[in-house]
Amino acid sequence: MAKVVRDDAREDHVTTTHALSLVQETPYRWRLDPIDAMRVPGVVFATEALLPAMTDDRSLDQVANVATLPGIVTASYAMPDVHWGYGFPIGGVAATDVDAGGVISPGGVGFDISCGVRLLVSPLQRDELQHQLTALMDDLDRNIPRGAGPGGIWRLVGGLAELEEVLRGGSRFAVERGHGVARDLEHCEDRGAVDDADPRQVSARAHQRGLSQVGSLGSGNHFLEVQYVDETYDQAAADAFGLRVGQVCVMIHSGSRGLGHQVCTDHLKAMLTAMPRHGISVPDKQLACAPVQSPEGRAYLGAMSAAANYGRANRQLLTEATRRAFERAVGTGELDLLYDVSHNLAKLERHTVDGRERQLCVHRKGATRALPPHHPELPCDLTEHGQPVLVPGSMGTASYVLAGNVEGDAFHSACHGAGRVMSRHAALRSVDGRALKQQLEKAGIAVRGTSARGLAEEAPASYKDVNEVVGTCERAGLARRVARLRPLGVVKG
DNA sequence: ATGTCC
């Protein structure tokens, strides 16, 4: 547990088990000064109310561990929704200098490579959907493949050869095959596909797992929600994003399923073996890594990018399935893609560090890229306001649309969700899934789940307050609030 | 997150 030191240096602190001290810089920003092998400080974006959860679950120790990685620059960051994860905390951002031996680490991306969110905006107002909502939810229930194991919208009749095209082309390939329109791609991070995908670095087992899951939601915290715009904040941005109060939208949260999981497993193992060869030692085996410019680093980057494209194609196929369900149940399949963005990814980006522009490998694990206004990667119609940052809340609670700021911080990153505070195991002990479903239905939220256990694990009580998390992001300058969304119906694995 | 242990 970290000692807490206020910025006025009063000795107002909690018990410490080692020398890690948390120094308050602003009401929303704290610093972990380097100790032991830390090469840079840790920077934590949090209010005092959010801090105890971070110290209790040892995720700040993980922030400090990440700060020891070779080539790391500026700081090891924690977003306000940070919580304990595999090696890196979930809600962590770390960038390494590629040309200075900087490493890439599968634990810095997570098992669900390119897990992310997209938001579709309907021309309908909430009251126009009222009478068809049950039919719509029933249609989605029948037509959105989900849960653990095989099952997906797309039958890959072309087998492994067609899977290669998914791994190279992502959403672009899905659109080429008629699943969506060109406009969708303009509103995807990387225009729908990462360029440096190398399917040869994706193992046979990963390929096998991927064959049967293209176009599926998965389980855990993944969901498809029919939502409405509850409140807008930055009116100019909300207008540009097409978000009016009462407007119906659909949020899809999904990832790269078993394929991404297998890629992570395979490359963690390869890196662990290679670390002594590269002269790298880390305080936690789960931080296994290799220089970006090494055979193991490049292999993982290629495989991770391929898995990322699988995740993008996955969300594109779910989008088209949702449009068809809207067509049948509501009479219009018009659902405009606002944006699609990952929150589990490592990317090669150029940033200015200490006055010099460098190529960095930016790991965002449970953290969302938040490009500033006028960034060249933004599509024309979004450039004035910055990149939409899509932040799903916990089940039954609000979600947010934020926008990237010019000043930004943490290499232009923001939070990715509410952030878990209770383990799945603990949630199962304290929550009854069936009762929770009844409670949500009573609150007017249609629930289409596949297991009571899955619902219990995702109970809102397992998560932080998304309003507090998002408010902290805004006050820390990471991103600004554009709109709050509330659920009408949720489809879960 | 995950064919929640090949």
Side-chain angles (χ1 to χ4, degrees), chain A residues 57 59 62 81-92 105-117 145-152 156 163 202-224 252-269 286 288 300 303-304 306-308 310-312 314-315 318 341-346 363-368 392 394-395 415-429 433 449-459 462-463 491-493:
Chain A
D57 76 355
S59 52
Q62 294 190 313
D81 52 331
V82 74
H83 57 107
W84 192 89
Y86 184 93
F88 283 57
I90 296 160
S105 172
V109 172
F111 280 85
D112 193 5
I113 296 166
S114 199
C115 177
V117 182
R146 56 200 195 275
L156 292 182
L163 181 58
V202 176
S203 69
R205 180 183 278 186
H207 274 93
Q208 207 55 44
R209 291 180 71 172
L211 273 175
S212 60
Q213 299 183 319
V214 194
S216 63
L217 205 53
S219 56
N221 66 2
H222 290 161
F223 66 79
L224 183 152
I252 297 172
H253 180 202
S254 181
S256 53
R257 305 292 330 276
L259 183 139
H261 192 279
Q262 193 64 48
V263 163
C264 183
T265 303
D266 294 338
H267 287 262
L268 274 169
K269 194 177 165 204
Q286 295 184 353
Y300 172 66
M304 180 209 66
Y310 186 96
R312 314 297 178 78
N314 200 16
R315 291 194 289 275
L318 291 166
V341 64
S342 301
H343 49 230
N344 283 1
L345 205 60
H363 300 74
R364 295 187 184 88
K365 180 189 192 179
T368 314
S394 54
M395 188 169 52
C415 64
H416 88 304
R420 192 170 264 285
V421 282
M422 201 191 292
S423 70
R424 294 184 182 283
H425 192 72
L428 280 177
R429 279 196 307 255
T450 57
S451 78
R453 179 185 166 157
L455 290 178
E457 285 183 350
E458 293 303 315
S462 303
Y463 286 85
V491 178
K492 293 232 22 124

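What you are looking at is a predicted structure, and each value in this text was computed from that prediction instead of being measured.
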Rounded to the nearest Å, what distance is computed from the [atom1] atom of residue [X] to the [atom2] atom of nucleotide [N]?
| X | N | atom1 | atom2 | answer |
| --- | --- | --- | --- | --- |
| A:Leu217 | B:dT2 | CG | P | 9 Å |
| A:His261 | B:dT4 | NE2 | P | 9 Å |
| A:Arg257 | B:dT4 | CZ | C1' | 13 Å |
| A:Glu457 | B:dT4 | CD | C1' | 9 Å |
| A:Gln262 | B:dT2 | CD | C1' | 10 Å |
| A:Lys269 | B:dC6 | NZ | P | 12 Å |
| A:Arg205 | B:dT2 | CZ | P | 17 Å |
| A:Asn314 | B:dT2 | CG | C1' | 14 Å |

Whether A:His222 side chain and A:Gly493 backbone form a donor-acceptor pair below 3.5 Å: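 Checking the backbone N and O of A:Gly493 against the side chain of A:His222, no donor-acceptor pair under 3.5 Å is found.
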Contacts of A:Arg364 that satisfy salt bridge (Lys or Arg N to Asp or Glu O under 4.0 Å) - sequence neighbours left out: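 With sequence neighbours excluded, A:Arg364 shows a salt bridge (Lys or Arg N to Asp or Glu O under 4.0 Å) to A:Glu349, given in chain and number order.
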For A:Arg453, all residues meeting salt bridge (Lys or Arg N to Asp or Glu O under 4.0 Å), sequence neighbours excluded: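 Salt bridge (Lys or Arg N to Asp or Glu O under 4.0 Å) check on A:Arg453 returns A:Glu457.
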Any base atoms under 4.0 Å from [X], or only sugar-phosphate, or nothing? Heavy atoms, all strands.
| X | result |
| --- | --- |
| A:Gln208 | nothing |
| A:Gly258 | sugar-phosphate |
| A:Gly255 | nothing |

5′-ward residue of the pair A:Arg424/A:Arg453 relative to DNA chain B: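 Looking at the nearest nucleotide for each, A:Arg424 comes out on the 5' side.
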Phosphate-side-chain proximity, A:Thr265 and B:dT2, N/O vs OP1/OP2 below 4.0 Å: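 No, because none of the side-chain N or O atoms of A:Thr265 sits under 4.0 Å from OP1 or OP2 of B:dT2.
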Between A:Tyr310 and A:Gln213, a side-chain donor and acceptor under 3.5 Å: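 Looking only at side-chain atoms, A:Gln213 and A:Tyr310 do not form any donor-acceptor pair under 3.5 Å.
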